[in-house]
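Here's the structure, in C-alpha cells; my notes come after.
Chain letters run A, B, ... following the sequence lines, proteins first and then strands; every chain starts at 1.
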2 protein chains.
Amino acid sequence: MENKREIFHILTRRFGLLNKNCCSIGSFEISTIQSHILYEIDKQHAPSMQQIAEALAMDITTFSRQIQTLIKMDLVKKTPSTQDKRVSILNLTTPGKFVATTIEESMNAYLEEVFSHMNDSEKETVLRSIELLNVAMSKSTVCCTPLY
Amino acid sequence: MENKREIFHILTRRFGLLNKNCCSIGSFEISTIQSHILYEIDKQHAPSMQQIAEALAMDITTFSRQIQTLIKMDLVKKTPSTQDKRVSILNLTTPGKFVATTIEESMNAYLEEVFSHMNDSEKETVLRSIELLNVAMSKSTVCCTPLY
DNA sequence: GAATTTAGTTGTAACTTGCAAGTAATGATC
DNA sequence: GATCATTACTTGCAAGTTACAACTAAATTC
C-alpha cells in the first residue's frame, strides 16, 4: 500500500497538465489562474475582490493586477458596491461568460471521455471516492484548510 | 451526476494548493516545479535533461535555467555523458537527496492524515479508484497523453 | 471626531517563461 | 571523408507574474 504517494503524484501531475493545456478559447489566451478566476466569479454571486482572492488563496495585490488584465480583455467587469464604496463587485461580461462556459464544456467533454473508459459501477465508485477524498482533505489540519 | 466537474474542480484546486504549500525544507525554499524536478530525477536513473524536461512537459529552455538554479543551490549535479558529449546526465547531490526525501515524507504524512479520516474499506476503495482514474486518464486522447 | 481597520491600488524588484538564435556534438548522405 | 541535417543544450531578449511595502479612500470603533 506504499504506492499511495506515487499514485497521487501521477494524479496531481496529470491535473496540472490538464490545467496548463485547457485554456485557449478562440482568440483568447487564458492562463490557468485566469480560468480559475473566471470559474470562481461565475460560481459566486456578484463577489467582491477579496472573496475571490481568498477563495483562490491568492495575494490580493497579484489578484488586483490579474483582474486588471481580465478587464482589459473584456472578460470581467468591476462595479463599486453601493453599500460599501471600498468594495468592488466582480461580474463576467458576455464574452467572459462565453469563455467560462466554453472551458466548462471542454472540461466536461474531457471528463466524459475519461469516464467512458469505465463501466457504470466503476464510474459510480470513482465519483463517490473523489467525494470521500474531498471531505477527508477538507478535514486535514495540514494543508489548505480554509478551502471550501 | 452533473456535479462531476465541480467535484474535480475542488480536487484539482486542493492539489494545486498542496503543491504550493509543500516545499519549504529547513533553509531551502523549493518551488513547486523544483520539487517536481527533484522527484523526477530521483525516480529515473541518471536521466538526461531532455528526459526530465519531457516527463514534466516543460520547455527545455525554461528547464535549463531551473537546473542552473538547482545546481547553484547544490541540490543537483550535472555530468556530461561519456557516450554522447552533448548529453548532460542529472543526479541529486546529498543535500538534494535529503530535500527530496523530506518532501516525500511530508507528503506521505499528509496522505496518512487524510486517510486517517476514513475506515479501512473506504481507504481501499479510494486508492483503487484513483488507480482506475489514472488508467482512464492515460487512455484519454484529449490531454496529456505522452505522460506515463 | 480622531484613531483604527478594511478594500483595493501602485512602485518597485526579483523571478519565470518561451521564442529566436546561437554552439557544439553526432548521424546521415553522397 | 567532407558536407548537411539533426539533436542536446545554452543564452539574449521581452513579456509576464509574483509579493512586499507603502499608499489612498472609505468605513468602523471608541
Measure the distance from [atom1] on [X] to [atom2] on [N] and round it to the nearest whole Å.
X	N	atom1	atom2	answer
A:Ile30	D:dG16	CD1	P	14 Å
A:Leu90	C:dA7	CG	P	14 Å
B:Ile60	C:dA20	CD1	P	17 Å
A:Ile89	C:dA7	CD1	P	12 Å
B:Gln66	C:dT16	CD	C1'	7 Å
A:Lys72	D:dA15	NZ	P	14 Å
B:Phe63	C:dC19	CZ	P	17 Å
A:Met58	C:dT9	CE	P	12 Å

Among the nucleotides [options], which one has an atom lying closest to any side-chain atom of [X]?
X	options	answer
A:Gln68	C:dT17, D:dA26, C:dT10	C:dT10
B:Asp59	D:dT10, C:dC19, D:dA19	C:dC19
A:Lys78	C:dT17, C:dT26, C:dG8	C:dG8
A:Ser64	C:dT9, D:dA8, D:dC20	C:dT9
A:Arg65	D:dA27, D:dT6, D:dC20	D:dC20
B:Arg86	C:dA24, C:dT16, C:dG8	C:dA24
A:Lys85	D:dC9, C:dG8, D:dA27	D:dA27
A:Thr61	D:dC9, C:dG8, D:dA21	D:dA21

Quick check against the 3.5 Å criterion: does [X] have a side-chain atom that pairs as donor or acceptor with the backbone of [Y]?
X	Y	value
A:Thr93	A:Leu75	yes
A:Arg13	B:His36	no
A:Glu113	A:Tyr110	no

Check whether any side-chain N or O of A:Gln50 sits under 4.0 Å from OP1 or OP2 of C:dG8, and answer yes or no. yes
Starting from A:Ile71, can I reach A:Phe98 by hopping between I/L/V/M/F/W/Y residues whose side chains sit under 4.5 Å apart?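 Yes: a chain of side-chain contacts under 4.5 Å links A:Phe98 to A:Ile71.
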Tell me whether B:Ile7 shares a hydrophobic cluster with B:Leu127, the cluster being built from Ile, Leu, Val, Met, Phe, Trp, Tyr side chains joined at under 4.5 Å. yes
Return whichever of A:Asp84 or A:Gln34 has its heavy-atom-nearest nucleotide of DNA chain D closer to the 5' end. A:Gln34
Contact class for B:Ser88 (heavy atom, under 4.0 Å): base, sugar-phosphate, or nothing?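 Sugar-phosphate contact only - B:Ser88 comes under 4.0 Å of backbone atoms but never of a base.
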So what does A:Gln83 hit on the nucleic acid, given a heavy-atom distance under 4.0 Å: a base, only sugar-phosphate, or nothing?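 Sugar-phosphate: the residue A:Gln83, judged by heavy atoms under 4.0 Å, touches backbone atoms but no base.
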